[in-house]
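Single-structure report; data block below.
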Amino acid sequence: MTAEFAAQFGKLIGPEHVIEEAAEREYYSTDISGRGDAIAALVLRPGSAAEVAVCVRAAADSGLAILVRGGGMSYSKGYVPAQEHSVIIDMRRLDRIIEINPEKGFVTAEAGCNWARLYDALAEKNLRTPFFGPLSGIQATLGGSASQDAAFFGSASHGSMRESVLGIEIVSADGNLFWPDNPASFVGDAGAFGIKTSVTLKLIRRPRACAFASFAFDDFPALLRAQGAMANAPGLAECFGFDPESHRNLIKSGFNLFEGVAALGIGRALKSAVHITRMKDLRFSLHVVTEGETDTETGQALERIAANAFDAGGTALPDIIPRVTRARPFRPIKALLGPDGENWLPVHAITPHAATERLVRCTEEFFAGKKALIKRHNIRVSFLTVLIGGQILYEPQFFWFDRLSVFHLRNVSDKQRGRYGGAAANPEARQAVAELRAELITLFAELSAAHMQSGKLYPYLQGLSAAEQADIRALKQRLDPRGLMNPGALGL
Ligand SMILES: Cc1cc2nc3c(=O)[nH]c(=O)nc-3n(C[C@H](O)[C@H](O)[C@H](O)COP(=O)(O)OP(=O)(O)OC[C@H]3O[C@@H](n4cnc5c(N)ncnc54)[C@H](O)[C@@H]3O)c2cc1C
């Protein structure tokens, strides 16, 4: 059966772009969170929007479910098939930057283009997009990020990807290309409404100046108060916080917070407040980047932001973490594993900043009740917070010792593979993490939290009003009446 399909698709896009080998299909069908119940019958690698369209038409004629994979850097089973009778379309050959138009303020690129490539091409012309990529942007693609509604770089003031999107070209389940009037409805859809073949984003002038600051806090509520007060601060580009376990991870990875501090040139007011001398003494930390046209502008923005931190009880730290993060935003990804080679898996909730303190308190109570389970399986949990416009993303991250999956073996660094490639399987701990993650998602839903990266993990529809649910179902019915596009995604 597979051979018959392979020959058919080979005629459409060239046999060298059709993958039928079992191990390869298993790899493409596995994300960071592991395998699903099924492995796709074929993986297709079209090279243009027209080829995507013919692939979709042929797949639909054979009743095959259609999944799309960009950089593959997600962990919510978004591109993992729910049935064997499926094809995965790998978008990475569509990586051209089609038009950079500073006069009209837009850039259009094919959906398989990754963020690092776009960032470099725009930097050459002193341009940038407002949101300019997730931390995984060396691999993550524009189409994948649009389908996740990703956020990080630039997100404190420019929000998630949704706010930077001007237009999207889509191939729908009948194999037709179209350009929706309301592209935002297709952001965060996990590919359930169609395949994005190109994305048009806003352009801004690349900010000429950047300033950095970091602050220490004794407890999480104080950090959250500061982060909430900073929401929508003019010039704030990034604002993210770490808990003590995140600091332990950084230390184990060989990171020294105070390395080269003398050379960093932090503001006098901030420098005078530095009082922590060893990273291991650090409890909670918050890191900010401001950007603007001049050093005076970014410095003034930073002073206002520092006042928020000090008012909440924070003290200044050397700013090496945000400075290093920005020095090279898109670096090879090492964080697929913990510092001792553990498996890693995040889960998150997004709430208005006023609701985050309660969310964190409830999550801490949840973990307090799971102490014995967590100890039994030697699981560690760290916490990250990220400001996205007026909202805070709160992300517990699990670490546990386990075998490396086919996904890990292909994507971790050579050094990590050499050290941890032979790690023993630990299905009990893996199962415990899966259950903890699922229970947290239920708790987050009870607290009315929102999510990006919906995939097949988060209860997307349940979070919407009855009218919004009806609109989503109607859109799906109109675009994909046979339910072939990523069955199960968004709960559809
Ligand atoms: C180390 C690390 C750091 C990360 N940091 C961040 C971060 O800072 N911010 C953040 O938001 N996320 C982050 N992520 C999660 C993830 O990498 C991003 O959300 C990223 O945007 C996913 O892009 P991708 O191209 O890899 O998508 P994929 O994983 O390939 O796909 C994601 C979803 O989009 C769909 N899809 C992919 N391409 C298309 C297309 N062309 N048309 C329609 N649907 C499509 C897939 O079917 C799937 O449902 C991180 C992940 C890792 C491993």
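Indexing begins at 1, ligand by ligand and atom by atom, following the structure's order. Note that the coordinates shown come from a computational prediction; the quantities given were computed from them, not determined experimentally.
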[atom]: which protein heavy atom is closest, and how many Å away?
| atom | value |
| --- | --- |
| atom 17 (O) of ligand 1 | Ser136 OG, 2.7 Å |
| atom 47 (O) of ligand 1 | Val68 O, 2.6 Å |
| atom 12 (N) of ligand 1 | Gln453 NE2, 3.1 Å |
| atom 23 (O) of ligand 1 | Ala140 CB, 3.4 Å |
| atom 42 (N) of ligand 1 | Lys196 N, 2.9 Å |
| atom 34 (O) of ligand 1 | Ser147 CB, 3.2 Å |
| atom 37 (C) of ligand 1 | Gly144 CA, 3.4 Å |
| atom 24 (P) of ligand 1 | Gly71 N, 3.5 Å |

Nitrogen or oxygen atoms of [X] and ligand 1 under 3.5 Å apart:
| X | answer |
| --- | --- |
| Met73 | yes |
| Asp189 | no |
| Leu135 | yes |

Heavy atom of [X], distance to ligand 1 below 4.0 Å:
| X | result |
| --- | --- |
| Phe153 | no |
| Gly194 | yes |
| Arg69 | yes |
| Ala151 | yes |
| Ile333 | yes |
| Trp344 | yes |

Could you list the atoms of ligand 1 found under 4.0 angstrom from a heavy atom of [X]?
| X | result |
| --- | --- |
| Tyr75 | 14 (N), 15 (C), 50 (C), 51 (C) |
| Pro134 | 6 (C), 7 (C), 8 (O), 9 (N), 10 (C), 12 (N), 13 (C), 21 (O) |
| Ala190 | 47 (O), 49 (O) |
| Ile32 | 53 (C) |
| Met452 | 10 (C), 11 (O) |
| Ala111 | 41 (N) |
| Leu336 | 53 (C) |
| Phe152 | 8 (O) |

**Request:** Determine, step by step, whether Glu342 and Lys252 satisfy the salt bridge (Lys or Arg N to Asp or Glu O under 4.0 Å) criterion, reporting the C-alpha distance in whole Å, the side-chain angles of both residues, the deciding distance to 0.1 Å, and the verdict.
**Result:** CA-CA 12 Å; Glu342 306 100 307; Lys252 280 190 188 166; 5.0 Å; no

**Request:** Please collect all side chain to side chain donor-acceptor pair (under 3.5 Å) contacts where either partner lies in residues 50-65, sequence neighbours excluded, each pair once.
**Result:** none

**Message:** Once side chain to side chain donor-acceptor pair (under 3.5 Å) is applied, what residue pairs with a partner in residues 481-492 remain, sequence neighbours excluded?
**Reply:** Lys456-Asn486

**Message:** Between Asp189 and Lys196 (salt bridge meaning N to carboxylate O under 4.0 Å), is one present in this structure?
**Reply:** yes

**Request:** Give a yes or no on whether a salt bridge exists between Arg410 and Glu24, defined as a side-chain N under 4.0 angstrom from a carboxylate O.
**Result:** yes

Would [X] and [Y] count as a close aromatic pair, with their ring centres under 6.0 Å?
| X | Y | value |
| --- | --- | --- |
| Phe242 | His287 | yes |
| Tyr458 | His348 | yes |
| Phe186 | Trp179 | no |

**Fill in**
Logged contact type for Phe193 with ligand 1, heavy-atom cut-off 4.0 Å, is neither

**Request:** Name the option, out of Gly191, Pro329, Ser145, Gly70, that contains the heavy atom nearest to atom 30 (O) of ligand 1.
**Result:** Gly70

**Request:** Identify which of Gly72, Gly137, Ser74 has a heavy atom lying nearest to atom 32 (C) of ligand 1.
**Result:** Ser74

**Distance (rounded to the nearest 0.5 Å) between His451 NE2 and Ile350 CD1** = 8.0 Å

**Request:** Mind checking the CD1-OH spacing from Ile392 to Tyr394? Nearest 0.5 Å is all I need.
**Result:** 11.5 Å

Is there side-chain contact between [X] and [Y], with at least one heavy-atom pair below 4.5 Å?
| X | Y | value |
| --- | --- | --- |
| Glu20 | Phe9 | no |
| Pro130 | Glu163 | no |
| Leu286 | Met230 | yes |

**Over 12 foreign heavy atoms within 6.0 Å of CG, Asn101** = yes

**Fill in**
Nearest heavy-atom contact between Ala151 and Ile388 is CB-CD1, 3.7 Å

**Request:** May I ask you to decide if the ring planes of Phe367 and Phe383 are parallel, tilted or perpendicular, using 30° and 60° as cut-offs?
**Result:** perpendicular

